[in-house]
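A short worksheet on the structure shown next.
So that the names make sense, note that chain A is the first sequence line, chain B the second, and so on, each numbered from 1.
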Amino acid sequence: MPELPEVERYRRLAESALFRAISSIAAPDPWFLKGGESGPDFRRALVGNRFVAADRIGKLLVLATERGPTLGIRFGMTGTLAVDGRVGVEDLRYAPRRHDPAWDRWSARFADGGSLVVRDPRRLGGVRLDPDLSRLGPDAASISPSALDSALRGSAAPLKARLLDQSRVAGVGNLIADEVLWRAGLSPQRPAGSLSANEARRLHRHLRRTIGYLIDRGGSHLGDLMDERRVGGRCPRDGAALVRSTVGGRTSWWCPVHQV
DNA sequence: ATTGTGGCCTGCCCGC
DNA sequence: TGCGGGCAGGCCACAA
C-alpha cells in the first residue's frame, strides 16, 4: 500500500506535471472529493491554473498552484498516480495489478494533451483543496531525534500505535512500522514513553535509515521482514517464529526473541 | 487531552 | 463452477 516511499515516488513523478496549463478536470466520483468541495469547485480552482510545486508531508501529496490554492492527494491503501500515462509505482502491495478505467477517480488534463490521474480501486484515498497541514506531525523521512522523542515521550499508548499516529509522526504506515521496530529490536507493544535514551536513539536511526532505503528500493513492501509477515513466518535475524497480533488496530508481526 | 474501536471502501482469495 | 465470508489498512468519526 502507499506509505511514505510510494508517495515520495508519486511526488517525484508529479514534478513532471509542473508548469503545464490545466485545461480541464474530471471528477466523476463525488465520494473521492473531500473537504466539502464539488467538481465545479475544483474546476474553478484549477482550470487555467498550473501546478508549480510538488511537496510531500508524510503520506500526503501537496501540489501548489500558481494562483494559490493547493491540491492535496491521499492515496489510501490502493491509490496510485499516473502522469501522461506513466505510473509512479508498478507493484503496489494489496492493489490489483490490472487497470480498469473506472478506477480513475480524479484527473487533470493539460493543454498540451497530457494528464495527471489519480487511480484508486478501493476508493480509500481522496483529493481536496487546501488540505490542513497543521494536523500532521513532522515527516518521518527527515524527523530529528528530539522531535521523535517528543512524539513518544509521556505516552502510555503502544509504541507502534504512536508511530502510526499521523499527527505525531507523518508517513509511517503498518508495514514500515513493523519493519522499523523489527530492525530496532523493539516490541510494538512497549509503551511509547518507556524507551530509554539508547532505545530512542536506535529507533530514530532505524526509522530514518529504513525509510531512505525503502525509497531507494522502490516500495514499503520491500523490507527484509516483509516476506515473513505471514502465518508460519520466521524472524530473518534469529529464526524464531513470528508473533501475530493486533496492535494499534493493525495486524502486527514481530519477533518475540529479539524485539523486547 | 489521550487512547481505543469500528466502519468506510472493494478486489481478491480461500473453502465449500 | 459459482458463491460467500474474511481479509487487507489509511483515515476518520466517535466513545470512554
Nearest-Å distance for atom pair CG/P, residues A/L164 and B/dG4: 12 Å

Presence of A/R122 side-chain N/O under 4.0 Å of B/dG11 phosphate oxygens OP1/OP2: no

Nucleotide nearest A/Q166 (side chain, heavy atoms from C-beta), chosen from C/dC11, C/dG10, B/dT10: C/dC11

Atom-pair distance (NZ on A/K160; P on C/dG10), nearest Å: 9 Å

Side-chain N,O (A/T78) to OP1/OP2 (B/dG11) below 4.0 Å: no

Residue-phosphate contact under 4.0 Å: A/W103 side-chain N/O, B/dT10 OP1/OP2: no

Residue pair A/D149 / A/S146, side-chain donor-acceptor N/O under 3.5 Å: no

Whole-Å distance separating the NZ atom of A/K34 from the P atom of C/dG10: 16 Å

Closest listed nucleotide, where the reference is the side chain of A/R250 and the choices are C/dA8, C/dG10, B/dG11: C/dG10

Under 3.5 Å donor-acceptor pair, A/R74 side-chain atoms to C/dG10 base atoms: no

Length of the CG-C1' vector between A/D165 and B/dT5, whole Å: 15 Å

Of the listed nucleotides B/dT2, B/dG11, B/dG4, the one nearest the side chain of A/P121: B/dG11

Considering all heavy atoms, the nearest A/D139-A/G58 contact: OD1-N, 2.6 Å

Exercise: identify the closest heavy-atom pair between A/Q166 and A/V172: NE2-O, 3.0 Å

A/R168 vs B/dT2: side-chain N/O to OP1/OP2 distance below 4.0 Å: yes

Residue that, paired with A/W106, satisfies side-chain contact (heavy atoms from CB on, under 4.5 Å) out of A/V117, A/L33, A/D29: A/L33

Parallel, tilted or perpendicular: ring planes of A/F110 versus A/F51, cut at 30 and 60 degrees: perpendicular

Atom pair distance, as rounded to whole Å: CG in A/L33 and P in B/dC8: 20 Å

Spacing between A/D29 atom CG and B/dC8 atom C1', to the nearest angstrom: 13 Å

Residue A/N174, side-chain heavy atoms: nucleotide from B/dT2, C/dG10, C/dA8 that is nearest: C/dG10

Phosphate contact (B/dT3 OP1 or OP2) by A/S155 side-chain N/O below 4.0 Å: yes

Shortest side-chain distance from A/A157, nucleotide among B/dG4, C/dG10, B/dT10: B/dG4

Sugar-phosphate only, base, or nothing, as touched by A/R229 at under 4.0 Å among non-hydrogen atoms: sugar-phosphate

A/M77 side-chain proximity, nearest of B/dG7, C/dA8, B/dG11: C/dA8

Interatomic distance where CZ belongs to A/R123 and P belongs to C/dC11 [whole Å]: 17 Å

CA sep, side-chain torsions, deciding dist, call: A/L71, A/T65, side chain to side chain contact (heavy atoms under 4.5 Å, CB included): CA-CA 8 Å; A/L71 176 70; A/T65 68; 5.6 Å; no

Comparing A/R105 and A/G248 on DNA chain B - which has the more 5′ nearest nucleotide: A/G248

Sugar-phosphate, base or nothing in reach of A/R244, heavy atoms under 4.0 Å: sugar-phosphate

Nucleotide B/dT10, atom P - distance to CZ of A/F32 in whole Å: 12 Å

